[in-house]
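Report on the structure given below.
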Amino acid sequence: MTKFIFMILFVSAFFNANASHIPGGVITYQYIGLNQYVVTLSLYEQCGGVVSELSTPKTISVTDSCTNTVQSFSLNNIVFAQEVSDICPSSSDSSACSIGNIPGFYLHQWQSTITLNTSSCAVWNFSYTLCCRNEVE
């Protein structure tokens with residue numbers, strides 16, 4: 001039994017455990033002309049978590065897939081902690097966002113108008129990195 005416990009402790013020492021209350025997000029964009037885009041980053045947060053830096057500006061990366069040129073852009077917070085829980089209206093006071101026990105979610109959004117450098121490449125990759133997302137099971 002002692003060897004088994006030692007083996008679990010030994011193996012677990014090599015794994016990092018990270019957690020977050022951010023189950024997901026999405027980047028959307030709208031072309032408005034002259035290489036300009038309105039870019040919106042939306043992140044969803046589980047209610048009951050620690051809201052620490054979600055209202056600060058966020059930086060996204062835009063990569064030209066032909067030359068791998070990376071541009072960085074700062075997005076400003078436009079929506080902070082708007083409840084978007086998928087529960088019946090009659091139960092809304094019981095969500096974790098309202099200090100209840102039914103799971104709930106907040107929406108946070110950042111947005112800016114960006115101008116991309118022109119290139120002959122028509123494929124752009126928009127990305128945002130946040131450590132550490134919830135584990136998917």
Side-chain angles (χ1 to χ4, degrees):
M1 180 67 167
T2 306
K3 288 182 182 181
F4 180 71
I5 293 173
F6 175 75
M7 184 64 117
I8 290 174
L9 292 173
F10 180 75
V11 171
S12 65
F14 293 101
F15 294 99
N16 289 332
N18 296 307
S20 152
H21 293 282
I22 308 294
V26 64
I27 296 174
T28 58
Y29 61 90
Q30 179 184 4
Y31 180 70
I32 58 174
L34 302 174
N35 297 326
Q36 290 191 320
Y37 296 81
V38 175
V39 179
T40 305
L41 169 65
S42 302
L43 293 179
Y44 298 91
E45 174 196 15
Q46 283 179 298
C47 295
V50 177
V51 182
S52 57
E53 298 181 29
L54 288 177
S55 64
T56 60
K58 299 297 176 211
T59 301
I60 63 163
S61 297
V62 182
T63 307
D64 175 338
S65 66
C66 297
T67 64
N68 289 327
T69 302
V70 178
Q71 299 175 63
S72 296
F73 299 94
S74 181
L75 306 180
N76 298 313
N77 186 245
I78 59 169
V79 174
F80 180 74
Q82 175 185 344
E83 185 174 358
V84 293
S85 303
D86 189 19
I87 58 178
C88 297
S90 61
S91 300
S92 63
D93 290 343
S94 300
S95 80
C97 302
S98 301
I99 312 176
N101 58 359
I102 299 174
F105 295 92
Y106 287 128
L107 167 68
H108 305 280
Q109 287 186 321
W110 297 263
Q111 186 177 74
S112 289
T113 300
I114 67 171
T115 303
L116 296 177
N117 294 335
T118 58
S119 77
S120 59
C121 188
V123 179
W124 297 90
N125 295 310
F126 294 77
S127 62
Y128 172 73
T129 302
L130 172 71
C131 179
C132 301
R133 234 187 80 129
N134 287 358
E135 191 172 314
V136 179
E137 296 180 14

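- Atom OG of residue Ser112 and atom CD of residue Gln36 lie 12.0 Å apart, to the nearest 0.5 angstrom.
- Heavy atoms from other residues, nucleotides or ligands lying under 6.0 Å from OH of Tyr29 number 12 at most.
- Heavy atoms of other residues, nucleotides or ligands lying less than 6.0 angstrom from CG of Leu34 number 12 at most.
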*Stepwise, does the side chain to side chain contact (heavy atoms under 4.5 Å, CB included) test hold for Cys66 with Val123?*
CA-CA 7 Å; Cys66 297; Val123 179; 5.6 Å; no
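- Residue His108 comes nearest to Ala81 through the heavy atom pair ND1-N, 3.0 Å, listed as atom of the first residue, atom of the second, then distance.
- Here the closest heavy-atom approach between residue Glu83 and residue Ser98 is recorded as OE1-OG, 4.2 Å.
- Scanning both residues, Ile60 and Val39, for their nearest heavy atoms gives CD1-CG1, 3.5 Å.
- Here the rule is side-chain contact (heavy atoms from CB on, under 4.5 Å) with Val70, and of Asp64, Val62, Thr63 only Thr63 fits it.
- Under a hydrophobic-cluster definition in which Ile, Leu, Val, Met, Phe, Trp and Tyr are linked whenever side-chain heavy atoms come within less than 4.5 Å, directly or via other members, Ile27 and Leu107 are assigned to different clusters.
- Under a hydrophobic clustering in which Ile, Leu, Val, Met, Phe, Trp and Tyr are joined whenever their side-chain heavy atoms come within less than 4.5 Å, directly or via other members, Trp124 and Ile32 fall into different clusters.
- Residues Phe105 and Gln46 form a side-chain contact, since some pair of their non-hydrogen atoms from C-beta on lies under 4.5 Å apart.
- In terms of heavy atoms, Asn125 sits closest to Ser65 at ND2-CB, 3.7 Å.
- Considering OG of Ser85 and OH of Tyr106, their distance stands at 8.0 Å, rounded to 0.5 Å.
- You'll find the side chain of Tyr128 stays beyond 4.5 Å of the side chain of Leu75, heavy atoms only.
- Between the side chain of Trp110 and the backbone N or O of Thr56, at least one donor-acceptor pair lies under 3.5 Å.
- In this structure, Thr113 has no side-chain hydrogen bond (donor to acceptor under 3.5 Å, both in side chains) partners at least two apart in sequence or on a different chain.
- Scanning both residues, Thr69 and Thr67, for their nearest heavy atoms gives OG1-OG1, 2.7 Å.
- Not a single ring-ring contact (aromatic ring centres under 6.0 Å, His included) links Tyr44 to another residue, sequence neighbours left out.
- Atom NZ of residue Lys58 and atom CG of residue Leu41 lie 8.5 Å apart, to the nearest 0.5 angstrom.
- Thr59 and Ser72 get closest at one heavy-atom pair: CG2-CB, 4.0 Å.
- Of the inter-residue distances, the one linking Ile78 atom CD1 with Ser42 atom OG reads 7.5 Å to the nearest 0.5 angstrom.
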